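Here the structure is a predicted model, which means the values were calculated and not measured. Just so it is clear: chains get the letters A, B, ... in the order the sequence lines come, proteins before strands, and each one is counted from 1.
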Number of protein chains: 2
Amino acid sequence: MARTLLDRSDAVRALADVFRRRGFEAASLSVIQQDTGMGRGSLYHFFPEGKVDMARAVLAEVQAWFEEQVFTPLRTAEDASVAVAEMTGTVRDYFLSRRRVCLFAVAALGGELPAHADAVRTYFSEWVDRLARTLRRGGVANRDAAALAVDAVAAIQGALVLARALDDDAVVVDVVARVEERLLAALS
Amino acid sequence: MARTLLDRSDAVRALADVFRRRGFEAASLSVIQQDTGMGRGSLYHFFPEGKVDMARAVLAEVQAWFEEQVFTPLRTAEDASVAVAEMTGTVRDYFLSRRRVCLFAVAALGGELPAHADAVRTYFSEWVDRLARTLRRGGVANRDAAALAVDAVAAIQGALVLARALDDDAVVVDVVARVEERLLAALS
DNA sequence: GTCTATAAAGCGATAGAC
DNA sequence: GTCTATCGCTTTATAGAC
């Protein structure tokens, strides 16, 4: 890990990688120190409230990324089919390059913690909502749009679980391809 | 929690509930002690290797349950459509009555640990495999059967993630209903 | 088989020098 | 802004009485 000076957003990126590899609970400060190359002093300088703060910052960064790269394009693209194809391609590449881990899913399945419950709910409900709206804009009936959107997000999240369980990227590639196919079929 | 004497399989059931509520890492021995009503002495009597042993036992019990209630019925039912409908109904009721948590998914997303990696892989690959075979028996083409089976298991697992994130049982009910619909359509 | 006490290690967080 | 030393607490695991 780079010894060169890190600013806060470098730190967040490094932390995201640690959390993806070890999970939130199992990533102890010692591990975080080693894997990010930052000392305790620096960590508590950037994240005064400690680990909870680090997790919050990482989730916020992921949320912002999806906002910009996925949710906004879904809203602004003029053609619904183009928007859908963009979404599937973007999220597939994102998760394949991020160890096939969705940190919001990890947070959702991880323990009793309503620590990040709001952030988790926001992420998923916004994703489903934006997709459903896009489908409606493309002429899909209200009811069908909602069902298709939930199914699509669920399929992608399930693919991530399976891909990790079977240690196989192809599950993500294949499932996402069929999700896209189904969504485009509904739009035609 | 019952104070009455527990045998090992009672202990495993109680442990499964704790792990579903808190996750594997966050369930400390103190918490386990409180939530199961068993003392440290009893716990280490039944599970000499400690927490790893407890987790292993719980996963083995879940695996056995699925073996008996899901995988075997998938194999033995004479009509593929009946087998599929049985599976979807059984797993829906199972997860709804188990806090919408699949412990194998929790293990799959939880940290670096290849601790239970083999058990996780076995569970998911067997589920997908059995379902695919059933579909083929029902006349579905080889390729389609494999894809449909992966999609079905992924959809169910994704539904569990979403249901927890949104705190809404209906996601499981609805997604599983549509999974069944799609599988039955392929069989007709 | 179950209990309590305790050991040994690791945890998150803080303080103070630089 | 980064470092190291250390506090106080919790963790898993064990020992030994009953």
Of the listed D:dA5, D:dT2, C:dT2, the closest approach to the B:Phe46 side chain comes from C:dT2
Given C:dC11, is OP1 or OP2 found less than 4.0 Å from the side-chain N or O atoms of A:Ser28? yes
When rounded to whole Å, the CG to P distance for the pair A:Leu43 and C:dA15 reads 17 Å
Taken to the nearest whole Å, CZ/B:Arg40 to P/C:dA5 is 12 Å
note: A:Gln34, atom CD; C:dG10, atom P; distance rounded to Å ~ 12 Å
Nearest-nucleotide check on DNA chain D, B:Glu49 vs A:Ser42; residue mapping nearer the 5' end is A:Ser42
#### Entry: Presence of salt bridge, B:Arg13 and B:Glu61, under 4.0 angstrom
no
- Item | salt_bridge(A:Arg137, A:Asp79) N-O dist < 4.0 Å | no
*Between B:Asp17 and B:Arg99, does at least one N-O distance fall below 4.0 Å, as a salt bridge requires?*
yes
Reckon B:Ser30 has a side-chain N or O less than 4.0 Å from the OP1 or OP2 of D:dT11?
-> yes
A:Tyr44 atom OH is separated from D:dG1 atom P, nearest whole Å, by 18 Å
Margin query: Is the phosphate of C:dT2 approached by B:His45 (side-chain N or O, under 4.0 Å from OP1 or OP2)?
Written below: no
A:Leu29 has its side chain closest, among D:dT2, C:dG12, C:dT2, to C:dG12
Rounded to whole Å, CZ of B:Arg22 lies from P of D:dT11 at a distance of 10 Å
Rounded to whole Å, the CD-C1' distance (B:Gln33 to D:dT10) equals 13 Å
Checklist entry - Are A:Arg121 and B:Asp167 ion-paired here, with the side-chain N under 4.0 Å from a carboxylate O? => result no
Taken to the nearest whole Å, CD/B:Glu25 to P/C:dG10 is 16 Å
- Query: Is the shortest side-chain N to carboxylate O distance from A:Asp35 to A:Arg21 below 4.0 Å?
  - Reply: yes
When rounded to whole Å, the NZ to P distance for the pair B:Lys51 and D:dT12 reads 5 Å
